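Data block below; observations after.
Worth saying up front: this structure is predicted, and the values here are computed from it rather than measured. Position 1 is the first residue of the sequence; numbering continues from there.
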Amino acid sequence: MRPVIIALDFPSQATALDFLTPFAQTPNLFVKVGMELFYTAGPQILTALRARGIQVFLDLKCYDIPHTVEQTMVQLGRQGVALVTIHAAGGAAMIAAAKRGLVAGAHAAGVAPAKLLAVTQLTSTTESQMQAEQLVSADLPTTVRHLARLAWQNGADGVIAAAPEDPVIHAATAPDFLCINPGIRLAEDATDDQQRVVTPSRAAALGSNGLVVGRSITRAADPLAAYQRILKEWGE
């Protein structure tokens, strides 16, 4: 797995599917459905994307008591998506419960289980924010490494993290533990509300296993050309 995942951060199913029209002949297309789109369109957007042969990263960042997360993941596991997310800060019991739920839901539906990714620290968060607002006394790399290792030890398949943290995460976990990186921008693009951003080529050099790219593609004058440029810089 080494995908470039397009973040479909759109307000409706119709808008998202219209956006994808120029990508109809693109092989191995992979998209992210986040909270904005899923809470508007519901599971129907997942069905529509699967019907087009598109792989889906369902990014809902679940974070609750273990029982609630497990039951939620049973339902998400039925959906036939490739990736789902939780917050690593939910702790060991919650992470393990999420994995059990995913596997159970996929088994019941007769589909392959989604890979479970744990969010370490959002790419919009700075170290000073983390320490002041979350009262985390450790530095950012130490915190991310700890949460990644916690996720790995409790059944997660990888993490969502900023690309500069990938070498630390890989060293603390296993070679097949995935580092999927948002906060990706082309060199000339604005960073917007992201703080820890890198280019596709820099992410590749850091050992990234996959990119999540939103505005650099979705707000480009020619989204398909921007996607193809990112693939080229990424090395695909």
Side-chain angles (χ1 to χ4, degrees), residues 1-7 27-33 54-63 69-70 73-74 76-77 79-107 109 111-123 140-184 196 198 200-213 230-231 233-236:
M1 174 179 291
R2 201 171 176 272
V4 171
I5 304 168
I6 303 173
N28 304 316
L29 196 61
F30 209 132
V31 301
K32 185 197 86 169
V33 173
I54 299 171
Q55 291 195 80
V56 178
F57 165 25
L58 183 58
D59 185 24
L60 302 181
K61 300 183 178 72
C62 296
Y63 186 1
V69 170
E70 183 169 357
M73 288 294 161
V74 169
L76 298 187
Q79 300 301 320
V81 299
L83 304 170
V84 299
T85 50
I86 57 174
H87 271 285
M94 193 202 81
I95 296 166
K99 187 61 176 280
R100 286 196 304 272
L102 268 185
V103 172
H107 179 75
V111 298
K115 291 188 181 298
L116 179 65
L117 303 179
V119 177
T120 54
Q121 285 287 342
L122 299 173
T123 51
L140 192 57
T142 299
T143 302
V144 167
R145 180 176 66 243
H146 169 72
L147 290 172
R149 191 169 176 81
L150 184 72
W152 171 57
Q153 291 170 332
N154 289 280
D157 300 289
V159 291
I160 301 290
E165 293 141 15
D166 290 353
V168 168
I169 293 168
H170 282 136
T173 56
D176 61 349
F177 192 70
L178 301 174
C179 288
I180 306 296
N181 304 132
I184 304 299
R196 298 173 354 258
V198 299
S201 58
R202 179 60 180 153
L206 289 164
S208 174
N209 300 112
L211 309 181
V212 181
V213 188
I230 288 167
L231 283 178
E233 289 193 18
W234 175 230
E236 291 293 313

Between His87 and Cys62, does a side-chain contact (heavy atoms from CB on, under 4.5 Å) hold up when you go through it step by step? CA-CA 6 Å; His87 271 285; Cys62 296; over 6 Å; no
Verdict with reasoning, Val119 to Val159, per side-chain contact (heavy atoms from CB on, under 4.5 Å): CA-CA 6 Å; Val119 177; Val159 291; over 6 Å; no
Where is the tightest heavy-atom contact between Ala163 and Pro167, given as atom of each residue plus distance? O-CD, 3.9 Å
Looking only at non-hydrogen atoms, find the nearest pair between Ala172 and Arg145 and report the distance. CB-CG, 3.5 Å
Test: ring pair (Phe, Tyr, Trp, His ring centres under 6.0 Å). Region: residues 154-176. Which pairs qualify, not counting sequence neighbours? none
Looking at side-chain heavy atoms only, is the closest gap between Ile6 and Val213 below 4.5 Å? no
Salt bridge (charged side-chain N to carboxylate O under 4.0 Å, His left out) involving Lys115 - partner list, sequence neighbours excluded: none
Measure the shortest side-chain to side-chain distance between Phe177 and Ile169 over non-hydrogen atoms and say whether it is less than 4.5 angstrom. yes
Contact check, side chains of Leu60 and Val84, non-hydrogen atoms, under 4.5 Å: no
Pairwise distance CG(Leu178) to CG(Leu83) - rounded to 0.5 angstrom: 7.5 Å
Show the nearest heavy-atom pair for residues Cys179 and Asn209, with the distance to one decimal. N-OD1, 2.7 Å
Find the distance between CG (Leu147) and CD (Gln121) and round it off to the nearest 0.5 Å. 6.5 Å
Do Ile86 and Tyr63 have side chains that get closer than 4.5 Å, going by heavy atoms? no
Going by heavy atoms in the side chains, are Val212 and Ile180 under 4.5 Å from each other? yes
Would you compute the distance between atom OG of Ser208 and atom CZ of Arg2 and round it to the nearest 0.5 angstrom? 7.0 Å
I need the minimum non-hydrogen distance between Pro200 and Ile230, along with the two atoms involved. CG-CG2, 3.9 Å
Using side-chain heavy atoms (C-beta onward) and a distance below 4.5 Å, is Leu150 in contact with Ile95? yes
Quick check against the 3.5 Å criterion: does Thr120 have a side-chain atom that pairs as donor or acceptor with the backbone of Ile160? yes
Evaluate the side-chain proximity of Val198 to Pro164: yes if any heavy-atom separation is below 4.5 Å, no if none is. yes
Starting from the C-alpha separation in whole Å, work towards a yes-or-no answer on side-chain contact (heavy atoms from CB on, under 4.5 Å) for Leu117 and Asp59. CA-CA 9 Å; Leu117 303 179; Asp59 185 24; over 6 Å; no
Does a side-chain heavy-atom distance below 4.5 Å link Leu122 with Lys61? yes
Apply salt bridge (charged side-chain N to carboxylate O under 4.0 Å, His left out) to Asp166 and list each qualifying residue two or more places apart in sequence or on a separate chain. none
Separation of Ile184 CD1 from Ile5 CD1 (nearest 0.5 Å): 10.5 Å
What do the steps show when you test Leu211 against Phe30 for side-chain contact (heavy atoms from CB on, under 4.5 Å), and what is the final call? CA-CA 10 Å; Leu211 309 181; Phe30 209 132; over 6 Å; no
Output for pair (Glu165 CD, Asn181 CG), nearest 0.5 Å, gives 8.5 Å
What distance do Gln79 atom CD and Leu102 atom CG have between them, rounded to the nearest 0.5 Å? 11.0 Å
Closest contact, heavy atoms only, Pro182 versus Ala161: CD-O, 3.4 Å
